[in-house]
Participant: 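Quick one: this structure, given as C-alpha coordinates, is what I'll be asking you about.
All values below were derived from every heavy atom in this structure, side-chain atoms included, with hydrogens, water molecules and symmetry-related copies excluded. Please read these numbers as outputs of a predicted model, since none were measured by experiment. Residue numbering restarts at 1 for every chain, and letters A, B, ... go by the order of the sequence lines.
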Amino acid sequence: MSLDLQPLADWLTKTSLSAFVNNHAWVWPACESLHFVGLALLVGNVGLLDLRLLGFEKRLPVMAVNRFVRWGVLGFAINLVTGIFFFAGNPAQYIHNIAFGWKVAFIALAGVNVLVFYATGMARVVKALGPGDDAPVLVKVIAATSLVLWIGVMYMGRMLPYIGNSF
Amino acid sequence: MKFLLWLSRSAPAVWGRESESIWAYPTILFLHTLGLGVLVGFTTAIDFRVLGFSSRLPLAPMGRFFRFVWIGFWINALSGTMLLIMTPAKLSNPTFIVKMACIGLGVLTMLWMHREVFRPRQTLGATVVTEASTLGRVLAASSLLWWAGAIVAGRLTAYLGNVR
(Lines give C-alpha, C1' and ligand atoms only; values in the text may rest on other atoms or scores of the structure.)
Protein backbone atom coordinates (compact mmCIF):
# COMPACT_ATOMS: atom_id res chain seq x y z
CA MET A 1 0.00 0.00 0.00
CA SER A 2 1.59 3.22 -1.12
CA LEU A 3 -1.15 5.42 0.27
CA ASP A 4 0.58 8.38 1.89
CA LEU A 5 -1.03 8.94 5.26
CA GLN A 6 1.62 11.34 6.52
CA PRO A 7 -0.52 14.49 5.93
CA LEU A 8 -3.35 12.87 7.90
CA ALA A 9 -0.92 12.01 10.69
CA ASP A 10 0.47 15.55 10.75
CA TRP A 11 -2.99 17.02 10.93
CA LEU A 12 -4.14 14.56 13.62
CA THR A 13 -1.21 15.33 15.91
CA LYS A 14 -2.36 18.97 16.00
CA THR A 15 -5.94 18.14 17.02
CA SER A 16 -7.24 18.65 20.54
CA LEU A 17 -8.16 14.95 20.63
CA SER A 18 -4.50 14.05 20.16
CA ALA A 19 -3.54 16.50 22.90
CA PHE A 20 -6.21 15.06 25.19
CA VAL A 21 -4.89 11.52 24.72
CA ASN A 22 -1.30 12.59 25.32
CA ASN A 23 -1.80 15.05 28.17
CA HIS A 24 -3.55 12.66 30.53
CA ALA A 25 -1.75 9.49 31.58
CA TRP A 26 -5.03 7.70 32.32
CA VAL A 27 -6.58 8.05 28.86
CA TRP A 28 -4.50 5.42 27.07
CA PRO A 29 -4.91 2.62 29.65
CA ALA A 30 -8.60 3.48 30.03
CA CYS A 31 -9.10 3.22 26.27
CA GLU A 32 -7.17 -0.08 26.21
CA SER A 33 -9.41 -1.51 28.92
CA LEU A 34 -12.52 -0.44 27.01
CA HIS A 35 -11.03 -1.79 23.77
CA PHE A 36 -10.80 -5.25 25.37
CA VAL A 37 -14.35 -5.02 26.74
CA GLY A 38 -15.56 -4.08 23.25
CA LEU A 39 -13.58 -6.96 21.76
CA ALA A 40 -15.30 -9.44 24.07
CA LEU A 41 -18.78 -8.05 23.34
CA LEU A 42 -18.14 -8.26 19.61
CA VAL A 43 -16.62 -11.75 19.55
CA GLY A 44 -19.12 -13.37 21.91
CA ASN A 45 -22.33 -11.89 20.61
CA VAL A 46 -21.52 -12.04 16.89
CA GLY A 47 -19.92 -15.45 17.45
CA LEU A 48 -23.21 -16.63 18.99
CA LEU A 49 -25.08 -15.94 15.73
CA ASP A 50 -22.25 -17.30 13.57
CA LEU A 51 -22.17 -20.58 15.50
CA ARG A 52 -25.96 -20.99 15.37
CA LEU A 53 -25.91 -20.39 11.60
CA LEU A 54 -23.11 -22.93 11.24
CA GLY A 55 -25.37 -25.49 12.88
CA PHE A 56 -24.53 -25.35 16.57
CA GLU A 57 -27.58 -25.58 18.86
CA LYS A 58 -30.16 -25.56 16.08
CA ARG A 59 -32.93 -25.60 18.68
CA LEU A 60 -32.42 -21.84 18.97
CA PRO A 61 -34.66 -19.71 16.71
CA VAL A 62 -32.35 -17.50 14.63
CA MET A 63 -34.56 -14.41 14.95
CA ALA A 64 -33.99 -14.41 18.72
CA VAL A 65 -30.23 -15.09 18.37
CA ASN A 66 -29.98 -12.30 15.81
CA ARG A 67 -30.93 -9.73 18.47
CA PHE A 68 -27.62 -10.35 20.23
CA VAL A 69 -25.80 -8.85 17.27
CA ARG A 70 -26.67 -5.40 18.61
CA TRP A 71 -24.36 -6.06 21.57
CA GLY A 72 -21.66 -6.89 19.05
CA VAL A 73 -22.38 -3.60 17.27
CA LEU A 74 -22.03 -1.83 20.62
CA GLY A 75 -18.67 -3.56 21.10
CA PHE A 76 -17.59 -2.49 17.63
CA ALA A 77 -18.65 1.12 18.31
CA ILE A 78 -16.67 1.15 21.58
CA ASN A 79 -13.63 -0.16 19.72
CA LEU A 80 -14.00 2.24 16.82
CA VAL A 81 -14.07 5.20 19.21
CA THR A 82 -11.22 3.98 21.41
CA GLY A 83 -9.32 2.99 18.26
CA ILE A 84 -9.65 6.54 16.94
CA PHE A 85 -8.28 7.76 20.29
CA PHE A 86 -5.20 5.52 19.88
CA PHE A 87 -4.70 6.56 16.28
CA ALA A 88 -5.09 10.27 17.01
CA GLY A 89 -2.84 10.00 20.06
CA ASN A 90 0.05 8.50 18.16
CA PRO A 91 -0.60 8.24 14.41
CA ALA A 92 3.07 7.71 13.59
CA GLN A 93 3.09 4.23 15.08
CA TYR A 94 0.17 3.07 12.96
CA ILE A 95 0.55 4.58 9.50
CA HIS A 96 3.72 2.65 8.66
CA ASN A 97 2.66 -0.48 10.53
CA ILE A 98 1.94 -3.48 8.28
CA ALA A 99 -0.02 -5.27 11.01
CA PHE A 100 -2.26 -2.21 11.32
CA GLY A 101 -2.79 -2.26 7.54
CA TRP A 102 -3.91 -5.89 7.73
CA LYS A 103 -6.11 -5.17 10.74
CA VAL A 104 -7.94 -2.38 8.92
CA ALA A 105 -8.20 -4.56 5.79
CA PHE A 106 -9.77 -7.40 7.81
CA ILE A 107 -12.25 -4.98 9.41
CA ALA A 108 -13.16 -3.68 5.96
CA LEU A 109 -13.62 -7.24 4.68
CA ALA A 110 -15.83 -8.02 7.68
CA GLY A 111 -17.89 -5.00 6.63
CA VAL A 112 -18.10 -6.31 3.06
CA ASN A 113 -19.15 -9.68 4.48
CA VAL A 114 -22.07 -8.01 6.29
CA LEU A 115 -23.01 -6.16 3.07
CA VAL A 116 -23.04 -9.47 1.17
CA PHE A 117 -25.25 -10.92 3.93
CA TYR A 118 -27.83 -8.18 3.28
CA ALA A 119 -27.38 -7.71 -0.49
CA THR A 120 -27.93 -11.40 -1.25
CA GLY A 121 -31.13 -11.37 0.80
CA MET A 122 -29.63 -13.89 3.21
CA ALA A 123 -30.32 -11.64 6.20
CA ARG A 124 -34.05 -12.04 5.48
CA VAL A 125 -33.78 -15.77 4.80
CA VAL A 126 -31.99 -16.24 8.10
CA LYS A 127 -34.56 -14.43 10.21
CA ALA A 128 -37.19 -16.93 9.10
CA LEU A 129 -35.17 -19.87 10.43
CA GLY A 130 -36.98 -21.38 13.37
CA PRO A 131 -35.92 -24.01 15.88
CA GLY A 132 -34.29 -26.97 14.11
CA ASP A 133 -33.89 -25.20 10.73
CA ASP A 134 -30.58 -25.48 8.93
CA ALA A 135 -29.08 -22.39 7.25
CA PRO A 136 -28.35 -22.34 3.48
CA VAL A 137 -24.76 -22.99 2.41
CA LEU A 138 -24.13 -19.35 1.45
CA VAL A 139 -25.14 -18.28 4.97
CA LYS A 140 -22.73 -20.81 6.47
CA VAL A 141 -19.93 -19.46 4.29
CA ILE A 142 -20.72 -15.92 5.45
CA ALA A 143 -20.84 -17.02 9.11
CA ALA A 144 -17.52 -18.86 8.85
CA THR A 145 -15.97 -15.87 7.06
CA SER A 146 -17.15 -13.62 9.88
CA LEU A 147 -15.49 -15.81 12.52
CA VAL A 148 -12.22 -16.05 10.59
CA LEU A 149 -12.08 -12.31 9.89
CA TRP A 150 -12.75 -11.21 13.47
CA ILE A 151 -10.13 -13.63 14.77
CA GLY A 152 -7.81 -12.15 12.13
CA VAL A 153 -8.60 -8.63 13.35
CA MET A 154 -7.69 -9.67 16.91
CA TYR A 155 -4.51 -11.35 15.73
CA MET A 156 -3.32 -8.33 13.78
CA GLY A 157 -4.25 -6.01 16.64
CA ARG A 158 -2.20 -8.08 19.05
CA MET A 159 0.67 -8.19 16.54
CA LEU A 160 0.91 -4.39 16.20
CA PRO A 161 4.14 -4.29 18.23
CA TYR A 162 5.55 -7.57 16.90
CA ILE A 163 4.89 -7.89 13.16
CA GLY A 164 4.58 -4.13 13.01
CA ASN A 165 6.62 -1.56 14.88
CA SER A 166 4.22 0.01 17.40
CA PHE A 167 5.03 0.73 21.05
CA MET B 1 6.76 -18.99 44.72
CA LYS B 2 10.03 -20.89 44.74
CA PHE B 3 8.51 -23.32 42.29
CA LEU B 4 7.46 -20.41 40.07
CA LEU B 5 10.94 -18.94 40.16
CA TRP B 6 12.36 -22.31 39.21
CA LEU B 7 9.85 -22.53 36.37
CA SER B 8 10.71 -19.01 35.24
CA ARG B 9 14.31 -20.14 34.73
CA SER B 10 13.26 -23.28 32.84
CA ALA B 11 13.98 -23.57 29.14
CA PRO B 12 10.42 -22.99 27.85
CA ALA B 13 10.01 -19.87 29.98
CA VAL B 14 13.35 -18.45 28.90
CA TRP B 15 12.49 -19.22 25.29
CA GLY B 16 9.08 -17.59 25.60
CA ARG B 17 10.56 -14.50 27.20
CA GLU B 18 13.69 -14.02 25.19
CA SER B 19 13.07 -15.55 21.79
CA GLU B 20 12.57 -13.04 18.99
CA SER B 21 10.30 -15.59 17.31
CA ILE B 22 6.76 -14.52 16.49
CA TRP B 23 5.72 -17.95 17.79
CA ALA B 24 6.97 -17.25 21.31
CA TYR B 25 5.66 -14.40 23.49
CA PRO B 26 3.47 -12.70 20.81
CA THR B 27 1.57 -15.89 19.97
CA ILE B 28 0.91 -16.71 23.62
CA LEU B 29 -0.28 -13.13 24.10
CA PHE B 30 -2.62 -13.50 21.11
CA LEU B 31 -4.02 -16.76 22.47
CA HIS B 32 -4.68 -14.97 25.76
CA THR B 33 -6.61 -12.26 23.88
CA LEU B 34 -8.56 -14.81 21.84
CA GLY B 35 -9.43 -16.73 25.01
CA LEU B 36 -10.57 -13.49 26.66
CA GLY B 37 -12.89 -12.76 23.72
CA VAL B 38 -14.39 -16.25 23.77
CA LEU B 39 -14.65 -16.56 27.58
CA VAL B 40 -15.99 -13.11 28.37
CA GLY B 41 -17.86 -12.72 25.09
CA PHE B 42 -20.03 -15.82 25.42
CA THR B 43 -20.43 -15.10 29.14
CA THR B 44 -21.91 -11.68 28.33
CA ALA B 45 -24.32 -13.24 25.82
CA ILE B 46 -25.52 -15.80 28.40
CA ASP B 47 -25.73 -13.09 31.09
CA PHE B 48 -27.77 -10.79 28.83
CA ARG B 49 -30.21 -13.63 28.14
CA VAL B 50 -30.52 -14.52 31.84
CA LEU B 51 -31.17 -10.84 32.57
CA GLY B 52 -34.15 -11.01 30.23
CA PHE B 53 -32.74 -9.84 26.89
CA SER B 54 -34.24 -11.59 23.85
CA SER B 55 -36.59 -13.55 26.09
CA ARG B 56 -38.04 -15.52 23.17
CA LEU B 57 -34.76 -17.41 23.16
CA PRO B 58 -35.29 -20.64 25.15
CA LEU B 59 -32.93 -20.78 28.12
CA ALA B 60 -31.96 -24.45 27.99
CA PRO B 61 -30.25 -24.52 24.56
CA MET B 62 -28.65 -21.16 25.36
CA GLY B 63 -26.97 -22.88 28.30
CA ARG B 64 -25.11 -25.12 25.87
CA PHE B 65 -22.92 -22.14 25.01
CA PHE B 66 -21.27 -22.60 28.41
CA ARG B 67 -18.97 -25.04 26.64
CA PHE B 68 -17.44 -22.14 24.72
CA VAL B 69 -17.06 -20.21 27.95
CA TRP B 70 -15.04 -23.15 29.29
CA ILE B 71 -13.00 -23.44 26.10
CA GLY B 72 -12.08 -19.77 26.47
CA PHE B 73 -11.36 -20.29 30.16
CA TRP B 74 -8.92 -23.13 29.55
CA ILE B 75 -7.17 -21.34 26.67
CA ASN B 76 -6.57 -18.50 29.11
CA ALA B 77 -5.68 -20.62 32.12
CA LEU B 78 -2.94 -22.26 30.03
CA SER B 79 -1.70 -19.19 28.15
CA GLY B 80 -1.95 -17.16 31.37
CA THR B 81 0.14 -19.70 33.27
CA MET B 82 2.77 -19.50 30.54
CA LEU B 83 2.76 -15.68 30.66
CA LEU B 84 3.07 -15.84 34.44
CA ILE B 85 6.08 -18.15 34.46
CA MET B 86 7.75 -15.84 31.95
CA THR B 87 7.26 -12.83 34.22
CA PRO B 88 6.67 -14.19 37.75
CA ALA B 89 7.19 -10.74 39.32
CA LYS B 90 3.54 -10.12 38.42
CA LEU B 91 2.63 -12.12 41.52
CA SER B 92 3.74 -9.24 43.73
CA ASN B 93 1.71 -6.73 41.72
CA PRO B 94 -1.49 -5.86 43.64
CA THR B 95 -3.34 -5.14 40.38
CA PHE B 96 -2.61 -8.69 39.22
CA ILE B 97 -3.98 -10.05 42.51
CA VAL B 98 -7.17 -8.02 41.95
CA LYS B 99 -7.41 -9.56 38.46
CA MET B 100 -7.06 -13.09 39.88
CA ALA B 101 -9.70 -12.36 42.53
CA CYS B 102 -12.12 -11.08 39.86
CA ILE B 103 -11.54 -14.22 37.78
CA GLY B 104 -12.10 -16.47 40.79
CA LEU B 105 -15.34 -14.69 41.64
CA GLY B 106 -16.36 -14.69 37.97
CA VAL B 107 -15.91 -18.46 37.71
CA LEU B 108 -17.74 -19.13 41.00
CA THR B 109 -20.59 -16.88 39.86
CA MET B 110 -20.72 -18.71 36.54
CA LEU B 111 -20.92 -22.13 38.25
CA TRP B 112 -23.58 -20.90 40.66
CA MET B 113 -25.61 -19.31 37.86
CA HIS B 114 -25.38 -22.52 35.85
CA ARG B 115 -26.83 -24.42 38.82
CA GLU B 116 -29.48 -21.82 39.54
CA VAL B 117 -30.69 -21.13 36.00
CA PHE B 118 -29.69 -23.91 33.63
CA ARG B 119 -30.22 -27.11 35.59
CA PRO B 120 -32.99 -28.99 33.75
CA ARG B 121 -35.50 -29.02 36.58
CA GLN B 122 -38.24 -27.84 34.21
CA THR B 123 -38.73 -31.52 33.41
CA LEU B 124 -40.16 -31.96 36.92
CA GLY B 125 -43.53 -30.64 35.88
CA ALA B 126 -45.33 -29.83 32.68
CA THR B 127 -44.42 -26.15 32.92
CA VAL B 128 -41.31 -25.03 31.14
CA VAL B 129 -39.29 -22.44 32.99
CA THR B 130 -38.80 -19.56 30.57
CA GLU B 131 -37.28 -16.96 32.85
CA ALA B 132 -34.52 -16.94 35.40
CA SER B 133 -35.16 -16.39 39.10
CA THR B 134 -34.22 -13.13 40.80
CA LEU B 135 -31.15 -14.85 42.21
CA GLY B 136 -30.22 -15.95 38.69
CA ARG B 137 -30.47 -12.38 37.45
CA VAL B 138 -28.41 -11.03 40.31
CA LEU B 139 -25.75 -13.62 39.51
CA ALA B 140 -25.79 -12.67 35.80
CA ALA B 141 -25.40 -8.99 36.63
CA SER B 142 -22.55 -9.65 39.05
CA SER B 143 -20.91 -11.91 36.47
CA LEU B 144 -20.73 -8.94 34.07
CA LEU B 145 -19.08 -6.86 36.79
CA TRP B 146 -16.47 -9.52 37.71
CA TRP B 147 -15.40 -10.03 34.13
CA ALA B 148 -15.25 -6.31 33.38
CA GLY B 149 -13.16 -5.99 36.53
CA ALA B 150 -10.85 -8.81 35.40
CA ILE B 151 -10.32 -7.14 32.01
CA VAL B 152 -9.62 -3.70 33.48
CA ALA B 153 -7.32 -5.05 36.20
CA GLY B 154 -5.54 -7.21 33.63
CA ARG B 155 -4.88 -4.23 31.39
CA LEU B 156 -3.84 -2.02 34.28
CA THR B 157 -1.35 -4.64 35.46
CA ALA B 158 0.83 -3.27 32.67
CA TYR B 159 0.61 0.26 34.10
CA LEU B 160 0.27 -0.02 37.88
CA GLY B 161 2.50 -1.84 40.31
CA ASN B 162 5.90 -3.16 39.46
CA VAL B 163 5.82 -4.89 36.08
CA ARG B 164 4.61 -4.64 32.56
Side-chain angles (χ1 to χ4, degrees), chain A residues 25-52 56-72 74-75 79 82 99 130-132 147 150-164 167, chain B residues 19-49 51 53-69 71-72 79 95 99 144 147-160 164:
Chain A
W26 57 268
V27 175
W28 198 281
C31 285
E32 279 187 343
S33 298
L34 285 170
H35 209 69
F36 277 84
V37 170
L39 172 161
L41 283 173
L42 177 61
V43 170
N45 291 282
V46 172
L48 189 75
L49 178 63
D50 289 339
L51 287 170
R52 165 60 182 88
F56 185 81
E57 249 348 87
K58 280 193 223 163
R59 283 182 294 167
L60 294 170
V62 173
M63 179 77 118
V65 178
N66 193 54
R67 296 192 67 209
F68 284 82
V69 172
R70 68 192 62 181
W71 292 103
L74 172 68
N79 282 18
T82 49
L147 284 177
W150 288 116
I151 291 171
V153 170
M154 275 193 284
Y155 181 75
M156 287 305 164
R158 200 67 261 207
M159 288 306 124
L160 286 172
Y162 304 108
I163 293 178
F167 313 101
Chain B
S19 167
E20 294 289 307
S21 167
I22 198 78
W23 300 108
Y25 193 75
T27 297
I28 299 167
L29 216 49
F30 163 67
L31 288 175
H32 207 61
T33 307
L34 178 66
L36 180 162
V38 173
L39 161 62
V40 181
F42 284 103
T43 299
T44 63
I46 295 170
D47 288 341
F48 292 147
R49 173 60 193 88
L51 284 166
F53 179 78
S54 200
S55 54
R56 267 176 298 176
L57 204 62
L59 270 174
M62 187 71 188
R64 300 244 305 177
F65 283 90
F66 271 111
R67 73 184 55 186
F68 292 101
V69 172
I71 289 171
S79 57
T95 319
K99 172 180 172 175
L144 291 173
W147 292 113
I151 289 177
V152 173
R155 203 68 298 264
L156 296 189
T157 301
Y159 293 90
L160 307 173
R164 60 182 205 94

Participant: Please name the pair of heavy atoms, one in A:Leu39 and one in A:Asn79, separated by the smallest distance, quoted to 0.1 Å.
Facilitator: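 Of all heavy-atom pairs spanning A:Leu39 and A:Asn79, the closest is N-ND2, 3.3 Å.
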Participant: Between A:Thr82 and A:Leu34 (side chain of the first, backbone of the second, donor and acceptor by atom type, cut-off under 3.5 Å), is there such a pair?
Facilitator: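 No, A:Thr82 side chain to A:Leu34 backbone: no donor-acceptor pair under 3.5 Å.
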Participant: Look at the rings of B:Phe48 and B:Phe53 and say which category their plane angle falls in: under 30° parallel, 30 to 60° tilted, over 60° perpendicular.
Facilitator: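 Ring orientation of B:Phe48 relative to B:Phe53: perpendicular.
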Participant: Relative to chain B, which segment of A:Val46 carries a heavy atom at a distance below 4.5 Å: side chain, backbone, both, or neither?
Facilitator: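 When you check distances to chain B, no heavy atom of A:Val46 falls under 4.5 Å.
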Participant: So for A:Leu51, is it side chain, backbone, both, or neither that comes closer than 4.5 Å to the heavy atoms of chain B?
Facilitator: side chain
Participant: Tell me, for A:Met159 versus chain B, whether the close heavy atoms (under 4.5 Å) come from the side chain, the backbone, both or neither.
Facilitator: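 The side chain, not the backbone.
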Participant: Using the ring centroid of each side chain, check whether B:Phe42 and B:Phe66 are separated by less than 6.0 Å.
Facilitator: no
Participant: What option among B:Gly37, B:Pro61, B:Ala45 has the most heavy-atom pairs under 4.5 Å with chain A?
Facilitator: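 Answer, by heavy-atom pair count under 4.5 Å with chain A: B:Pro61.
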Participant: For the interface with chain B, which of A:Glu57, A:Met63, A:Arg67 has the highest count of heavy-atom pairs at distances below 4.5 Å?
Facilitator: A:Glu57
Participant: For B:Leu144 and B:Leu51, work out which heavy atoms get closest and say how close.
Facilitator: CD1-CD1, 3.9 Å
Participant: Which of the residues B:His32, B:Arg64, B:Arg49 is involved in the greatest number of heavy-atom pairs with chain A at under 4.5 angstrom?
Facilitator: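 Going by pairs under 4.5 Å, I would pick B:Arg64.
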